[in-house]
Colleague: 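First the structure, which I've put down as structure tokens, then a few questions once you've had a look.
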Amino acid sequence: MIQQEQSNPFLIVQQQLKEAVDKMNLPNDVYEILKHPKRVLTVSVPVKMDDGTLKTFIGYRSQHTDVIGPTKGGIRFHPDVTVDEVKALSMWMTFKCGVAALPYGGGKGGVICNPKDLTNGELERLSRGFAQAIAPIIGPDKDIPAPDVYTNGQIMAWMMDEYNKTQGGINNPGVITGKPIILGGSLGRDTATAQGCIYTIREAANKVGIQLSKATAVIQGFGNAGSHAARLLANLGVKIVAVSDSRGAILNQAGLDVDTLITYKESNKSVVGFPGSQEIPASEILTLACDVLVPAALENQITASNAADVQAKLVAEAANGPTTPEADKILAQKGIIVIPDILANAGGVVVSYYEWVQNLTGYYWSAEEVKEKLEAQMVKAFDQTWAVREKYGDVDLRTAAYMVSLERITEALRLRGWI
Ligand code: NAD
């Protein structure tokens, strides 16, 4: 009988966690306490639509563990949001903060909606309504949201404003990160996820002997993570041969001009139709010949059904959960190095942490300071993960990253007396 591949991200993260706990011979109590989020809130958000009707949207906020510090993680607006997805994303956030040595646990939020179908006014009312609904459980020392898929700085600004109103009119920007600069955002936050990802690609490329100035890359997803990753890779001399977004995929073997493509996407809402490129089936993007593949869209993209066809030497997971456990095994057998999400895209939460620190102290850093600190923190996280992989010999970078993280989390669990 053919067993169906696991695609529920919540069950996937539990499986990944169990593997690392077992590998480290940690007591099962560690798995037992971490296998579920500590708190998951479901909210309904009634929104007055522009046509006068009322529509209720369902949203979630999951807080995985606060053993190391307040929980932290983005809010996603997407039609496919599920409670299990939000729970999984909050758990990945815990392990991401652990790898990057941040004083946080993981959180995540999501609202089932398609922002592309909402007017600006409807989007604002939904954002404010959701912030109000989760206000009792968030706060600068409780749980600090940030942007994720289809949310941005403007949405963070509305949510910060709304949260502060619920607290009697305080002015505390530290409740949320990814804000516009004028409202307490950090310089470098908009490019942080991609910048951090590029540092891990650079380090991995050095280890496996890929010369980036002669390399090619393919990027799935052309939003915050994907478009900045494309630009930063191009700045290093990497030829970006193909990219995709939710509307389709494009290819130019001679290399896409990324700056022009970003401008094109801004005015045309998609990369499709970019002059000089050829449209290809979206499903082909992940299996094109290239040195570096950057999935920067959604979960479950590299699966048992396409992993054998992946031709990249290096996969850098800018997205969360793009590779299933079955696909991980196939990629490992093929000798493909996967820089796991909890390491590859940690730059976003690292600079969110810097934003929070700046908000709490009221002292703001230069773009250079942010970049310098981010580079040091990402390189350290990469080196520690690589060292664990070398030490054990038989673990992939994903399990190694979990192990780096679990070492810190387990120590905190023990010291608090929770296990
Ligand atoms: P975004 O909303 O800015 O962009 C998402 C992009 O993915 C868009 O270009 C969209 O068209 C594209 N997309 C959606 N469905 C697709 C599909 N089926 N095929 C190809 N492209 C598709 O979101 P983002 O912030 O860039 O997030 C992307 C991924 O990166 C998510 O997994 C997110 O969790 C992760 N991430 C983001 C951050 C951050 O700081 N923004 C931090 C860490 C991880």
Side-chain angles (χ1 to χ4, degrees), residues 9 72-81 85-86 88-93 95-97 99-100 106-110 114-116 145-156 176-179 185-186 188-197 200 218-231 242-250 261-262 264-266 268-272 280-286 293-303 306 316-323 339-355 374 378:
K72 174 111 197 66
I75 294 173
R76 178 175 292 198
F77 281 3
H78 196 277
D80 298 337
V81 162
E85 181 190 52
V86 174
L89 288 163
S90 73
M91 292 168 75
W92 280 320
M93 282 307 296
F95 303 112
K96 195 178 298 181
C97 293
V99 186
K108 203 80 178 193
N114 188 354
K116 292 177 187 169
D148 190 69
V149 174
Y150 297 161
T151 54
N152 55 28
Q154 173 63 78
I155 293 175
M156 297 306 108
I176 208 157
T177 59
K179 300 178 295 291
S186 176
R189 174 62 185 89
D190 51 347
T191 53
T193 303
Q195 185 68 68
C197 185
T200 65
V218 166
I219 301 186
Q220 183 199 40
F222 208 66
N224 176 288
S227 67
H228 288 303
R231 191 177 46 76
V243 304
S244 70
D245 62 21
S246 62
R247 297 183 198 194
I250 57 164
L261 178 58
I262 289 173
Y264 178 87
K265 163 126 185 161
E266 270 162 17
N268 294 277
K269 304 279 171 245
S270 174
V271 294
V272 176
I280 56 166
S283 59
E284 284 179 15
I285 191 104
L286 299 167
L293 173 64
V294 184
L298 296 167
E299 299 94 61
N300 293 327
Q301 299 301 305
I302 306 177
T303 66
N306 61 4
E317 296 183 332
N320 286 306
T323 312
I339 312 172
D341 44 11
I342 57 172
L343 173 62
N345 69 41
V349 69
V350 168
V351 178
S352 268
Y353 164 61
Y354 299 163
E355 181 174 334
L374 172 65
M378 290 304 298

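Counting starts at 1 for both ligands and their atoms, in listed order. Because the structure is a prediction, the values reported are computed rather than measured.
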Colleague: Could you give me the CA-CA distance, side-chain angles and deciding distance for K108 and N320, then say whether side-chain contact (heavy atoms from CB on, under 4.5 Å) is met?
Modeller: CA-CA 12 Å; K108 203 80 178 193; N320 286 306; 4.0 Å; yes
Colleague: Between the side chain of N224 and the main-chain N/O of D148, is any donor-acceptor distance below 3.5 Å?
Modeller: no
Colleague: Return a table of N or O atom pairs, ligand 1 on one side and protein on the other, at distances under 3.5 Å, rounded to 0.1 Å.
Modeller:
from, atom 1, to, atom 2, distance (Å)
ligand 1, 2 (O), Y150, N, 2.8
ligand 1, 3 (O), N224, N, 2.8
ligand 1, 9 (O), F222, N, 3.0
ligand 1, 9 (O), G223, N, 3.1
ligand 1, 11 (O), S246, N, 2.9
ligand 1, 11 (O), S246, OG, 3.4
ligand 1, 26 (O), N224, N, 3.1
ligand 1, 26 (O), A225, N, 2.8
ligand 1, 30 (O), A318, O, 3.3
ligand 1, 32 (O), A297, O, 3.0
ligand 1, 32 (O), N320, N, 3.0
ligand 1, 34 (O), R76, NH2, 3.1
ligand 1, 34 (O), D148, OD1, 2.7
ligand 1, 34 (O), N320, ND2, 2.8
ligand 1, 40 (O), R189, NH1, 3.3
ligand 1, 40 (O), R189, NH2, 3.1
ligand 1, 40 (O), T193, OG1, 2.7

Colleague: Can you confirm whether the side chains of N345 and T193 place a donor and an acceptor under 3.5 Å from each other?
Modeller: no
Colleague: Ignoring hydrogens and angles, tell me if any N or O in the side chain of D341 forms a donor-acceptor pair with the backbone of E317 under 3.5 Å.
Modeller: no
Colleague: Rounded to the nearest 0.5 Å, what separates atom CZ in R76 from atom CD in E85?
Modeller: 4.5 Å
Colleague: Using the test side-chain contact (heavy atoms from CB on, under 4.5 Å), find all partners of T200 that sit at least two apart in sequence or belong to another chain.
Modeller: I339, L343, A344, M378, F382
